[in-house]
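Reviewing the structure listed below.
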Amino acid sequence: LAEAAAKGHLWRAASRGEQRDIEFLENVEVLQEGSLSVRGPQGESLAHVAAKAGCLSCLSMLQRVHTADVFKWKDNEGCTAAHAAASNLQTDTVWYLVGRSPGILQIRDSCGKLPVDHAPPDSCCKEFILGAMKAERHYSHLLPSGADIDK
């Protein structure tokens, strides 16, 4: 099973949104923190792959297994999982990320673009992100002490 995980079965499951495969790999304890830190050719993490595909069960599993905020990990272009979700019109995924990773919509990629800049113009995803950014700014005083939404 460890060999299966090393060969990218989890990555394929995440990109296809195959919840049963993800749950199976998690339940047999193949998912060690180090195995989830593997990066793709463009520096993308498993969180990027899952966000592009809209695989919320995979994102949930990543959050349970990791202590770090894996949703804010950046690829070679400085993009987070929110950038990946926005560019692939995964509005539900963006919503999921916003609720679990405060400030994720304020992170800029290497070109200075926010996740909202990656969403196609006039898309529901772009409108949602704009609304979420406005709400995040308005309610920032409710964040836990020391939380920095600009990181």
Side-chain angles (χ1 to χ4, degrees), residues 5-19 21-22 25-26 31-151:
K7 290 186 177 179
H9 290 108
L10 183 59
W11 281 63
R12 282 193 296 282
S15 67
R16 295 177 186 155
E18 296 169 352
Q19 184 173 348
D21 291 348
I22 292 162
L25 289 168
E26 181 184 16
L31 303 177
Q32 303 290 324
E33 194 160 328
S35 68
L36 297 177
S37 300
V38 175
R39 298 297 185 115
Q42 282 76 42
E44 69 275 16
S45 69
L46 187 55
H48 289 88
V49 174
K52 285 178 187 176
C55 186
L56 299 180
S57 59
C58 185
L59 292 171
S60 175
M61 177 272 305
L62 285 170
Q63 190 175 33
R64 285 192 310 273
V65 173
H66 269 282
T67 55
D69 189 348
V70 296
F71 305 143
K72 290 182 181 173
W73 287 359
K74 294 183 176 186
D75 63 13
N76 293 348
E77 295 177 358
C79 294
T80 65
H83 291 89
S87 64
N88 287 276
L89 296 171
Q90 297 291 348
T91 307
D92 289 344
T93 302
V94 174
W95 178 82
Y96 181 89
L97 295 170
V98 167
R100 285 152 185 82
S101 187
I104 197 163
L105 297 179
Q106 305 300 327
I107 298 174
R108 296 183 183 275
D109 65 14
S110 301
C111 296
K113 293 183 178 181
L114 297 168
V116 69
D117 301 320
H118 286 255
D122 301 321
S123 66
C124 291
C125 190
K126 188 172 197 97
E127 293 302 316
F128 171 79
I129 294 172
L130 288 169
M133 289 174 71
K134 184 177 179 182
E136 193 171 61
R137 285 282 180 212
H138 183 73
Y139 294 105
S140 62
H141 66 283
L142 298 176
L143 290 173
S145 177
D148 186 355
I149 65 168
D150 292 322
K151 285 190 177 180

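Note that the numbering runs from 1 along the sequence shown for the chain.
Put simply, the side chain of His48 never gets that close to the backbone of Gly43: no donor and acceptor are under 3.5 Å apart. Side-chain atoms of Ser110 come within 3.5 Å of backbone atoms of Glu77 as a donor-acceptor pair (strictly under, hydrogens ignored). Of the possible donor and acceptor atoms, one in the side chain of Ser87 sits under 3.5 Å from a partner among the backbone N and O of Ala84.
Val94 has its side chain within reach of Leu105: a pair of non-hydrogen atoms, C-beta onward, lies under 4.5 Å apart.
Under the side-chain hydrogen bond (donor to acceptor under 3.5 Å, both in side chains) criterion, Ser60 pairs with Arg64, sequence neighbours left out. Not a single side-chain hydrogen bond (donor to acceptor under 3.5 Å, both in side chains) links Thr91 to another residue, sequence neighbours left out. Looking at residues two or more places apart in sequence or on another chain, you find a side-chain contact (heavy atoms from CB on, under 4.5 Å) between Lys126 and Val116, Ala119, Ser123, Leu130. The side-chain contact (heavy atoms from CB on, under 4.5 Å) test applied to Arg108 returns Leu114, not counting sequence neighbours. Partners of Asn88 by side-chain contact (heavy atoms from CB on, under 4.5 Å), not counting sequence neighbours, listed by chain and number: Lys52, Gln90.
Going from atom SG of Cys125 over to atom CH2 of Trp95 covers 14.0 Å, rounded to the nearest 0.5 Å. The CZ atom of Phe71 sits 12.0 Å away from the CD1 atom of Ile107 when rounded to the nearest 0.5 Å. Expressed to the nearest 0.5 Å, how far CG of Leu46 lies from CG of Leu59 amounts to 8.0 Å.
Judged as a ring pair (Phe, Tyr, Trp, His ring centres under 6.0 Å), the pairs with a partner in residues 100-122 (not counting sequence neighbours) are, in order, His83-His118.
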